[in-house]
Amino acid sequence: MLASVLAGLVGGVGLFLLGMELMTSGLRLAAGPALERLLAASTRTRWRGLLAGLG
């Protein structure tokens, strides 16, 4: 029972991380340097980064 729950949890986290990696790669290909400059400008300070993360 516990092994089944842990296997499902580990599998779910692994699937989530894979999805995040694929989405990151896709965004980099789609937007390129323009998105990187926009994100760097919008998260220049800690407060702006916090607000961007909350948004």
Side-chain angles (χ1 to χ4, degrees):
M1 169 90 175
L2 180 62
S4 162
V5 171
L6 286 177
L9 182 66
V10 169
V13 170
L15 190 60
F16 172 75
L17 291 175
L18 175 64
M20 290 298 292
E21 181 65 32
L22 291 173
M23 190 168 71
T24 300
S25 299
L27 281 173
R28 282 187 183 151
L29 286 174
L35 178 63
E36 189 173 343
R37 283 192 305 271
L38 177 69
L39 288 174
S42 65
T43 59
R44 190 172 300 134
T45 66
R46 286 185 185 193
W47 289 110
R48 288 172 79 176
L50 176 67
L51 291 175
L54 289 174

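These values consider heavy atoms only, across backbone and side chains, with no hydrogens, waters or symmetry-generated copies. Quick caveat: nothing in here was measured; it's all calculated off a predicted structure.
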Distance-only criterion, 3.5 Å: show the donor-acceptor pairs between side-chain atoms of residues 37-55 and protein atoms not counting sequence neighbours.
| from | atom 1 | to | atom 2 | distance (Å) |
| --- | --- | --- | --- | --- |
| Ser42 | OG | Leu38 | O | 3.1 |
| Ser42 | OG | Leu39 | O | 3.2 |
| Thr43 | OG1 | Leu39 | O | 2.6 |
| Thr45 | OG1 | Arg48 | N | 3.2 |
| Arg48 | NH2 | Ala41 | O | 3.1 |

query: Does one hydrophobic cluster hold both Val5 and Val10, with members joined at side-chain heavy-atom distances below 4.5 Å?
result: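 No, separate clusters.
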
Hydrophobic cluster identity match, Val13 and Met20, side-chain contacts under 4.5 Å: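 In one cluster: yes.
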
task: May I ask you to list the residues sharing a hydrophobic cluster with Leu18, side-chain cutoff 4.5 Å, ordered by chain and number?
output: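 Its cluster partners, ordered by chain and number, are Leu22.
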
